[in-house]
Amino acid sequence: MKKFWRNKACSLRLRFPTRKEFELIDITHLINQKIRESGIKDGIVVIFTRHTTTALFINENESGLLEDVREFFQSLIPKGKGYKHDRIDRNAHSHLRSIILNPSLSIPIKDGKLLLGTWQSVIFAELDGLRRRRIFIKLC
């Protein structure tokens, strides 16, 4: 009979400033660092942003692609198009852009690091910067 054991789960958070109104930040190394510090070798990580104008996604961290993503959102959901929410904060475009993306990701952990494909990175999308942002991480 196989014995099953459970790793001790832990919750962490990352805090960092964003420097641009629209910024895509590769946080893969930060998440892997937290996994190493936790000592968890195999499991799952849940990464979550509580901000309504930020998001997370997995894709290639290549400068041309990241520029394409920025241009895609600028053309799909342009700033200042007369959105009703702009009467309050002038950032409706940021909220609408975040709806298309995700506030959270779940990624397997194998051998003490994220189980990502060769070209995959965890990207944090700042859609309404300059701000101080927090990401919550649950390791189990």
Side-chain angles (χ1 to χ4, degrees):
M1 178 178 195
K2 275 188 169 180
K3 289 187 178 183
F4 292 92
W5 56 275
R6 180 173 235 180
N7 288 325
K8 181 180 176 185
C10 64
S11 297
L12 308 158
R13 69 178 163 198
L14 292 172
R15 290 183 184 199
F16 54 91
T18 59
R19 304 189 192 306
K20 300 176 187 173
E21 180 181 354
F22 184 96
E23 186 174 7
L24 302 175
I25 303 167
D26 186 340
I27 61 169
T28 309
H29 65 287
L30 298 173
I31 304 300
N32 275 327
Q33 177 183 346
K34 295 297 183 186
I35 293 169
R36 275 192 307 279
E37 291 170 3
S38 77
I40 292 175
K41 298 297 179 195
D42 292 286
I44 193 161
V45 61
V46 177
I47 309 160
F48 178 70
T49 175
R50 292 176 55 186
H51 309 286
T52 59
T53 57
T54 65
L56 297 159
F57 64 93
I58 296 175
N59 214 304
E60 187 173 350
N61 180 14
E62 187 275 318
S63 60
L65 178 63
L66 298 180
E67 184 65 20
D68 291 340
V69 170
R70 185 183 68 74
E71 290 174 6
F72 170 76
F73 278 110
Q74 286 177 337
S75 66
L76 184 66
I77 305 170
K79 183 176 181 176
K81 191 179 173 199
Y83 307 108
K84 291 174 181 51
H85 181 71
D86 281 344
R87 295 180 291 201
I88 298 169
D89 287 336
R90 298 189 190 278
N91 68 347
H93 65 287
S94 302
H95 289 281
L96 294 170
R97 291 171 183 178
S98 75
I99 290 169
I100 295 171
L101 298 168
N102 292 303
S104 67
L105 298 171
S106 298
I107 306 168
I109 299 167
K110 183 167 172 55
D111 299 326
K113 62 182 182 179
L114 294 169
L115 183 62
L116 294 170
T118 302
W119 303 110
Q120 289 182 318
S121 295
V122 178
I123 308 292
F124 175 82
E126 169 60 70
L127 306 169
D128 193 35
L130 309 151
R131 301 193 187 240
R132 292 223 23 102
R133 297 299 195 177
R134 293 177 297 172
I135 297 173
F136 291 84
I137 304 164
K138 181 73 168 185
L139 299 163
C140 49

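- Across Leu65 and Glu60, no two heavy atoms sit closer than the pair CD2-O, 3.5 Å.
- Residue pairs meeting the salt bridge (Lys or Arg N to Asp or Glu O under 4.0 Å) criterion with at least one partner in residues 20-29, sequence neighbours excluded, are Glu21-Lys79.
- Using modelled atom types, no side-chain atom of Gln33 and backbone atom of Ile35 make a donor-acceptor pair closer than 3.5 Å.
- In this structure, the salt bridge (charged side-chain N to carboxylate O under 4.0 Å, His left out) partners of Glu37, at least two apart in sequence or on a different chain, are Lys34.
- With values rounded to the nearest 0.5 angstrom, His29 atom NE2 is found 10.0 Å from Arg36 atom CZ.
- Phe16 is not connected to Leu24 by any chain of hydrophobic side-chain contacts under 4.5 Å among Ile, Leu, Val, Met, Phe, Trp and Tyr, and they are in different clusters.
- Under the 6.0 Å cut-off for aromatic ring centres, Phe57 and Phe124 do not qualify, their centroids lying 6.0 Å or more apart.
- Distance CG/Leu56 to CD1/Ile31: 8.0 Å, rounded to 0.5 Å.
- Leu66 and Leu76 fall within the same hydrophobic cluster, where Ile, Leu, Val, Met, Phe, Trp and Tyr residues are linked whenever their side-chain heavy atoms come under 4.5 Å apart, directly or through other members.
- Counting only distance, with no hydrogens or angles, the side chain of Arg131 and the backbone of Asp128 share a donor-acceptor pair below 3.5 Å.
- Side chain of Arg97 to backbone of Ser94: no donor-acceptor contact under 3.5 angstrom is found.
- Counting only heavy atoms from C-beta outward, the side chains of Ile47 and Ile135 approach each other to under 4.5 Å.
- Residue pairs meeting the ring-ring contact (aromatic ring centres under 6.0 Å, His included) criterion with at least one member in residues 73-106, sequence neighbours excluded: His85-His95.
- Among residues two or more places apart in sequence or in another chain, the salt bridge (charged side-chain N to carboxylate O under 4.0 Å, His left out) test is passed with Glu67 by Arg70.
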Please output the side-chain donor-acceptor pairs of residues 102-114 that fall under 3.5 Å, not counting sequence neighbours, one pair per line with the distance.
none

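- Closest of all the heavy-atom pairs between Leu101 and Ala55 is CB-CB, 3.4 Å.
- Remark: His51 NE2 to Thr18 OG1 distance equals 9.0 Å, nearest 0.5 Å.
- Listed by chain and number, the residues in a salt bridge (charged side-chain N to carboxylate O under 4.0 Å, His left out) with Arg134 amount to none (sequence neighbours excluded).
- A distance of 11.0 Å separates CD of Glu62 from OG of Ser121, quoted to the nearest 0.5 Å.
- Hydrophobic clustering, with ILVMFWY side chains joined whenever heavy atoms are under 4.5 angstrom apart, groups Phe72 together with Leu127.
- The distance from the CZ atom of Arg133 to the CG atom of Leu130 is 10.0 Å, given to the nearest 0.5 Å.
- In this structure, Val122 and Leu116 have side chains that are in contact, with non-hydrogen atoms separated by less than 4.5 Å.
- Side-chain contact check for Ser98 and Thr53: no donor-acceptor pair (N or O, by modelled atom type) lies under 3.5 Å.
- Considering all non-hydrogen atoms of both residues, Pro17 and Arg19 come closest at CG-NH1, 3.7 Å.
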* side-chain contact (heavy atoms from CB on, under 4.5 Å) between Leu139 and Leu12, intermediate numbers included -> CA-CA 8 Å; Leu139 299 163; Leu12 308 158; 3.6 Å; yes
* To do: Decide yes or no on side-chain contact (heavy atoms from CB on, under 4.5 Å) for Ile100 and Ile77, but give the supporting numbers first.
  => CA-CA 10 Å; Ile100 295 171; Ile77 305 170; 3.5 Å; yes
* **Derivation and outcome, side-chain contact (heavy atoms from CB on, under 4.5 Å), residues Glu126 and Phe22** => CA-CA 5 Å; Glu126 169 60 70; Phe22 184 96; over 6 Å; no
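- There is a path of hydrophobic side-chain contacts, each under 4.5 Å, that joins Ile123 to Ile99.
- Between the CG atom in Leu30 and the CG atom in Leu14 there is a gap of 5.5 Å [rounded to 0.5 Å].
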